[in-house]
Structure formats: C-alpha cells, structure tokens
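Below is one structure, written out as structure tokens; comments come after it.
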Amino acid sequence: MRTYLALGIKFAMTLFAAAVAALISGLTDWWLILLVGLVGAIVNFILGDMVILPGFGNIVATIGDGITSALLAYVIIIRQWAGVSVLLFAISFGILVMIGEYFFHRYLKGKKLSTNPLE
C-alpha cells in the first residue's frame with residue numbers, strides 16, 4: 001500500500017511539473033501534458049526510484065530522473081507539436097522534475113515509504 005502512495009505522490013508531482021513547463025513553453029494540448037506526466041512518473045518510478053536510488057543515492061537518481069523526463073517529454077511532444085517551444089518544454093520539464101525529485105527522494109527516505117511493489 002505504501003508503494004501506491006509513493007507512486008500517487010510522484011504522479012501528482014510530475015503532472016504539476018508538466019503543467020508548469022507547459023505554461024512556460026506555451027503548450028496548450030492538455031492531453032499531451034497528461035501523457036507526459038503519466039509516462040514520466042511511471043518510467044522515473046521504475047528506473048529512478050527502484051533501480052538507481054537504492055544503489056547510487058539521491059543526487060544521481062535526481063539527475064537521472066531529470067534527464068530521463070526531458071528526453072521522454074521531447075520524444076512524446078515532438079511527434080505532435082513542432083517548434084522551438086518543444087525544446088523549451090523538455091528542458092523546463094526536466095529541471096522542474098529534478099527539483100521535485102530531490103525533495104521526493106528525501107521524503108521517501110524520511111517517511112520510509114517503499115518503492116518495492118510487493119509491499
């Protein structure tokens with residue numbers, strides 16, 4: 001149950017970062033923003049929180065989550081929406097995710113929430 005709480009918090013944080021990045025870049029397609037938030041949260045949870053965070057620590061996981069988020073956002077958005085703003089969205093989304101992930105990882109450690117899906 002604690003894993004679902006952590007995943008829910010991560011999704012809300014990632015969706016918020018995508019919405020703020022959309023406001024910065026001028027992206028108005030909210031379905032793409034929802035898709036970026038959902039895919040980003042799931043991929044970062046599996047890769048960043050379950051694999052990288054336990055083995056390498058908060059800083060490496062945070063940087064990895066930010067880069068992964070930016071690349072995922074770019075790949076998802078560029079197929080639907082062309083222009084310079086796509087790069088602005090991807091970079092701002094990656095930076096916002098890094099900031100959020102840094103504090104999220106500290107929250108996970110402090111509350112002892114698990115990233116093990118079997119718990």
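Nothing here was measured: the structure is a model prediction, and the numbers come from that model. Start at 1 with the first residue, then count along the sequence.
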**Message:** Please determine whether side-chain contact (heavy atoms from CB on, under 4.5 Å) holds for the pair Glu101 and Asp49, giving the CA-CA distance in whole Å, both sets of side-chain angles, and the decisive distance to 0.1 Å.
**Reply:** CA-CA 10 Å; Glu101 289 290 339; Asp49 297 343; 4.0 Å; yes
Please check if [X] and [Y] belong to a single hydrophobic cluster, counting links between Ile, Leu, Val, Met, Phe, Trp and Tyr side chain heavy atoms closer than 4.5 Å.
X: Ile95; Y: Phe103; answer: yes
X: Leu23; Y: Ile76; answer: no
X: Ile46; Y: Val75; answer: no
X: Val60; Y: Ile63; answer: no
X: Phe56; Y: Leu108; answer: no

Give every donor-acceptor pair under 3.5 Å between a side-chain atom in residues 28-39 and any protein atom, sequence neighbours left out.
unit_1, atom_1, unit_2, atom_2, d
Asp29, OD1, Trp31, N, 3.3

Can you tell me how far the [atom1] atom of [X] sits from the [atom2] atom of [Y], to the nearest 0.5 Å?
X: Phe104; Y: Phe45; atom1: CZ; atom2: CZ; answer: 6.5 Å
X: Ile91; Y: Ser25; atom1: CD1; atom2: OG; answer: 11.0 Å
X: Leu47; Y: Ile42; atom1: CG; atom2: CD1; answer: 13.5 Å
X: Ile99; Y: Met13; atom1: CD1; atom2: CE; answer: 11.0 Å

**Asked** With side chains defined as the heavy atoms from C-beta onward, is the minimum distance between Phe93 and Thr14 less than 4.5 Å?
**Response**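 A side-chain contact under 4.5 Å exists here.
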**Request:** Looking only at non-hydrogen atoms, find the nearest pair between Leu96 and Ala17 and report the distance.
**Result:**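 So the two residues come closest at CD1-O, 3.6 Å.
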**Prompt:** Shortest non-hydrogen contact from Ala61 to Ile52?
**Reply:**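 Nearest heavy atoms, Ala61 then Ile52: CA-CG2, 3.6 Å.
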Atom pairs and distances, donor-acceptor, side-chain atoms in residues 64-72, under 3.5 Å, two or more places apart:
unit_1, atom_1, unit_2, atom_2, d
Asp65, OD2, His105, NE2, 3.4
Thr68, OG1, Gly64, O, 2.7
Ser69, OG, Asn44, ND2, 2.6
Ser69, OG, Asp65, O, 2.8

**Message:** Evaluate Tyr102 against Ile59 for side-chain contact (heavy atoms from CB on, under 4.5 Å), listing each step before the verdict.
**Reply:** CA-CA 7 Å; Tyr102 176 77; Ile59 299 299; 3.9 Å; yes
**Request:** Determine whether more than 12 heavy atoms belonging to other residues, nucleotides or ligands lie under 6.0 Å from atom OH of Tyr74.
**Result:**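 No.
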**Message:** With side-chain contact (heavy atoms from CB on, under 4.5 Å) as the criterion, how do Ile24 and Phe89 come out once you've worked through the C-alpha distance, each side chain's angles and the decisive distance to 0.1 Å?
**Reply:** CA-CA 7 Å; Ile24 291 170; Phe89 177 85; over 6 Å; no
